[in-house]
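All remarks here apply to the structure that follows.
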Amino acid sequence: MAKHLTSRDKDYSQWYNDLVVQAGLADSSAVRGCMVIKPHGYAIWEAMQADLDRRFKETGHENAYFPLFIPKSYFSKEAAHVEGFAKECAVVTHYRLKNDPNGKGVIVDESAKLEEELIVRPTSETIIWDTYKNWIQSYRDLPILINQWANVVRWEMRTRLFLRTTEFLWQEGHTAHATEQEAIAEAEQMLHVYGDFAEDMMAMPVLRGIKSPNERFAGAIETYCIEALMQDGKALQAGTSHFLGQNFAKAFDVTFQDKDGKVKHVWATSWGVSTRLMGALVMSHSDDQGLVIPPKLAPTQIVIIPIYRGPEQLEAISLVVEPLLAELRAAGIRVKFDNRDTYKPGWKFNEYELKGVPIRIAVGPRDLENKQVEIARRDTLTKETMPMEGLIDRMVEMLSEIQKDLFDAAKRRLDDSIVKVDSWPEFEVAIKAGGFISAHWDGTAETEELIKRKTKATIRCIPLNNPQENGSCILTGEPSPERVLFAIAY
RNA sequence: CGGGAUGUAGCUCAGGUGGUAGAGUACACGCCUGGGGGGCGUGUGGUCGCAGGUUCAAGUCCUGUCAUCCCGACCA
């Protein structure tokens with residue numbers, strides 16, 4: 001293991017790459033653009049999954065699973081959807097290999113060409129709507145509220161661990177409703193499920209809003225999103241929820257007979273978050289020492305490290321630590337006693353800091369004498385000694401304190417980053433400084449495109465419940481009814 | 001797909017005008033150690049990305065090829 005991370009000041013991007021690998025979250029793999037998610041990274045993802053899954057079920061959704069492969073013809077059915085995804089689809093053309101007659105190895109057996117080529121799903125709308133068609137006849141069959149946990153493939157040109165990989169893990173919800181109103185309510189509800197999850201579990205404050213037409217999901221009428229701010233001042237789209245209108249229902253002919261006897265197309269939503277959240281988590285809280293993981297998602301919340309000389313001292317420490325472990329576990333804390341004799345205390349300190357364990361407890365002979373322990377907080381890198389007496393309650397309290405402090409610090413960063421700007425020269429300066437810029441926009445895709453070309457900034461979202469305020473477009477001076485949020489994004 | 005860089009030990013890298021493959025770190029073993037990535041010693045570990053070519057001789061020179069990284073265009 002390398003001893004030093006690149007510091008954030010020196011090269012934020014390199015810091016991120018180093019950290020993801022060194023903290024054991026993920027590695028790049030032998031397959032271009034695809035990553036291996038390692039146990040530490042996967043444990044965090046599982047914690048995210050578990051909580052999200054609970055929230056989905058609490059809002060009435062059920063899990064199901066649809067195929068990895070999608071017939072090519074399905075893709076052409078919804079025009080905007082094809083347009084959006086065609087350029088990044090992996091295509092299966094054959095189903096058999098054979099020994100290479102000219103040498104070693106195997107080659108594609110040309111005689112085993114598929115009648116119809118299969119797309120590896122970049123998202124599942126098409127196969128799902130083709131399936132829903134058969135499930136829906138009456139308004140009594142609605143709503144359909146389904147989620148699936150799956151992997152998808154999007155053939156990206158440039159990839160980065162977690163932030164953009166060719167294959168990634170995600171969940172995709174796909175719902176069908178009898179009315180437009182109900183579908184919109186569903187899309188909005190899921191946006192809030194995502195927002196609450198990000199804030200409660202990841203301690204990552206987000207902005208909730210809708211996308212400009214340019215940034216909308218391919219095939220959606222409206223795309224809702226949560227946007228987060230990374231430490232380097234760049235924005236990151238952390239989750240999206242789409243109101244799909246009747247686009248897919250019409251493309252796949254999904255109809256139902258309503259109470260009034262009329263045959264109607266259903267209304268749809270889809271929504272998803274991916275392993276990209278892992279990247280967001282890393283870039284929200286971590287520092288030059290390594291990861292900082294909010295307690296609610298930390299696979300290990302407290303690590304106990306014995307400091308000893310010889311087996312007798314370890315034995316004495318263990319006698320005190322074992323009951324402590326049991327009590328901490330009984331209090332619902334995920335705790336680990338690292339009594340490996342193969343690593344030294346100093347090495348372990350650094351290791352757990354790198355991995356982001358929220359609290360470290362060190363117990364040595366001095367502590368045994370004084371009936372105390374040394375507590376170190378990962379987020380603040382502070383240490384203090386505490387009496388063993390009342391330790392459990394104090395730990396429970398400290399974990400929630402850390403969770404709150406992480407959120408508060410990130411919230412302050414986000415709030416402080418949002419600046420109102422009313423002139424183009426100011427805009428150019430502000431966007432370089434990072435963060436979100438609140439500015440007027442004339443509402444046209446052309447202007448949005450031009451701003452992007454000039455500054456790399458995009459409209460991240462139009463906030464929900466955005467105050468209406470007459471103004472003039474930052475670039476063109478045309479009238480504008482409200483401010484929108486710009487940023488340079490991942 | 002354009003522009004740039006790099007492929008040598010698990011990792012980071014050194015190897016002038018061709019001549020028996022190196023260091024640090026990691027790993028294994030031993031002793032000393034132990035409250036912030038310990039010290040000393042002894043070892044293990046390489047088809048020099050791959051394929052050709054030049055040469056008595058190629059990590060080094062030539063051609064091709066593949067891969068990775070960075071910068072652009074595309075994207076969650």
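Letters A, B, ... are given to chains in the order of the sequence lines, protein chains preceding strands, and every chain is numbered from 1.
- Atom CG in A:Leu5 sits roughly 17 Å away from atom P in B:rG37 (whole-Å rounding).
- For the pair A:Leu381 and A:Gln14, nearest-nucleotide mapping onto RNA chain B gives the more 5' position to A:Leu381.
- Among the nucleotides B:rC74, B:rG34, B:rC27, the one closest to the side chain of A:Glu156 is B:rC74.
- The A:Pro365 side chain lies nearest to B:rG35 when the options are B:rG37, B:rU33, B:rG35.
- If you find the closest nucleotide of RNA chain B to A:Ser13 and to A:Gly310, the one lying nearer the 5' end belongs to A:Gly310.
- For the C1' atoms, the distance linking B:rG37 with B:rC11 amounts to 16 Å, nearest Å.
- A:Lys452 and A:Glu448 are not joined by a salt bridge, as no carboxylate oxygen comes within less than 4.0 angstrom of a charged side-chain nitrogen.
- To the nearest whole angstrom, the two C1' atoms, one in B:rG22 and one in B:rG30, are 26 Å apart.
- Residue A:Met35 contributes atom CE, which lies 16 Å from atom P of B:rA76 at whole-angstrom precision.
- Going from the P atom of B:rC66 to that of B:rG52 covers 16 Å, rounded to whole Å.
- Here A:Asp338 does not pair with A:Arg360 in a salt bridge; the nearest charged N to carboxylate O distance is not below 4.0 Å.
- The distance from atom OH of A:Tyr194 to atom P of B:rA76 is 14 Å, rounded to the nearest whole Å.
- When both pairing distances are held under 3.5 Å, B:rA73 makes no Watson-Crick or G-U pair with any nucleotide shown.
- Base orientation for B:rG45: anti, the chi torsion being more than 90° from 0.
- In this structure, CZ of A:Arg154 is placed 7 Å from P of B:rA76, rounded to the nearest angstrom.
- Distances shorter than 4.0 Å separate some side-chain N or O of A:Asn17 from OP1 or OP2 on B:rC70.
- Between A:Phe66 and A:Tyr132, the two ring planes are perpendicular [angle over 60°; tilted spans 30° to 60°].
- Donor-acceptor pairing under 3.5 Å, judged by distance alone, is present between the side chain of A:Lys383 and the base of B:rG36.
- For A:Arg309 against B:rG35, a side-chain-to-base donor-acceptor contact under 3.5 Å is absent.
- Distance noted for atom P between B:rC62 and B:rU17: 11 Å (whole Å).
- Under a 4.0 Å N-O distance rule, the pair A:Glu110/A:Lys98 does not qualify as a salt bridge.
- Going from the C1' atom of B:rA28 to that of B:rG10 covers 14 Å, rounded to whole Å.
- Listed pair A:Lys456 / B:rG72 meets the phosphate criterion, a side-chain N or O lying under 4.0 Å from OP1 or OP2.
- Across all non-hydrogen atoms, the minimal contact from A:Thr275 to A:Phe162 is O-CD2, 3.5 Å.
- Counting heavy atoms of neighbouring residues, nucleotides and ligands inside a 6.0 Å radius, atom NZ of A:Lys72 does not exceed 12 of them.
- Note on A:Glu353: a base of the nucleic acid sits closer than 4.0 angstrom, heavy atoms only.
- Residue-level contact check: A:Tyr308 touches the bases, meaning some heavy atom is under 4.0 Å from a base atom.
- In this structure, A:Phe168 and A:Trp170 have perpendicular ring planes: the angle between them is above 60°, well past the 30° mark.
- Regarding contacts with the backbone of B:rG72, a side-chain N or O of A:Arg158 is found under 4.0 angstrom from either OP1 or OP2.
- In this entry B:rG24 has B:rC11 as its Watson-Crick or G-U wobble partner, both defining distances falling under 3.5 Å.
- Distance noted for atom C1' between B:rA9 and B:rU25: 11 Å (whole Å).
- Within residues 273-298 of chain A, the residues having any heavy atom under 4.0 Å from RNA chain B are, by residue number, A:Ser274, A:Arg276.
- For the pair A:Arg453 CZ and B:rA73 P, the computed distance is 11 Å after rounding to whole Å.
- Across all strands shown, A:Gln237 has heavy atoms under 4.0 Å from sugar-phosphate atoms exclusively, and none from any base.
- Of the candidates B:rC74, B:rG35, B:rA76, B:rC74 carries the atom nearest the A:Lys87 side chain, counting heavy atoms from C-beta on.
- Screening A:Glu384, A:Glu353, A:Glu401 for a salt bridge (charged side-chain N to carboxylate O under 4.0 Å, His left out) involving A:Arg377 leaves a single residue, A:Glu401.
- In a base pair of the Watson-Crick type (N1 to N3 plus N6-O4 or O6-N4) or a G-U wobble (N1-O2 and O6-N3), with each distance short of 3.5 Å, B:rU47 is matched with no nucleotide.
- A:Arg8 has no carboxylate O lying under 4.0 Å from a charged side-chain N of A:Asp287, or vice versa, which leaves the two without a salt bridge.
- The CG atom of A:Asn214 sits 14 Å away from the C1' atom of B:rC74 (whole-angstrom rounding).
- Taking the C1' atom of each, B:rA76 and B:rU8 are spaced 38 Å apart, rounded to whole Å.
- Across all strands shown, the partner of B:rG41 is B:rC29, judged by Watson-Crick or G-U wobble contacts whose two distances both fall under 3.5 Å.
- Taking atom CD of residue A:Glu88 and atom P of nucleotide B:rC1, one finds them 17 Å apart after rounding to whole Å.
- Aromatic ring orientation, A:Phe56 versus A:His61: perpendicular (interplanar angle above 60°, classes split at 30° and 60°).
- Comparing B:rA14 with B:rG72, their P atoms sit 26 Å apart, to the nearest whole Å.
- Using Watson-Crick or G-U wobble geometry with both donor-acceptor distances under 3.5 Å, B:rU68 finds its partner in B:rA5.
- Contacts of A:Tyr490 with the nucleic acid, taken as non-hydrogen atoms under 4.0 Å apart, are absent.
- Across the protein-nucleic acid pair, A:Ile307 atom CD1 and B:rG34 atom P stand 12 Å apart, rounded to whole Å.
- Between the side chain of A:Ser124 and the main chain of A:Ile127, no donor-acceptor pair closer than 3.5 Å is present.
- Using a 4.0 Å heavy-atom cutoff across all strands shown, A:Thr165 reaches at least one base atom of the nucleic acid.
- Looking at heavy-atom distances under 4.0 Å, A:Arg360 makes contact with a base.
- For A:Asn350, the listed nucleotide lying nearest its side chain is B:rG37; candidates were B:rG37, B:rC27, B:rG34.
- The residue A:Leu236 sits apart from the nucleic acid: no heavy atom pair falls under 4.0 Å.
- Residue A:Phe349 places its side chain closer to B:rG36 than to any other of B:rA76, B:rG38, B:rG36.
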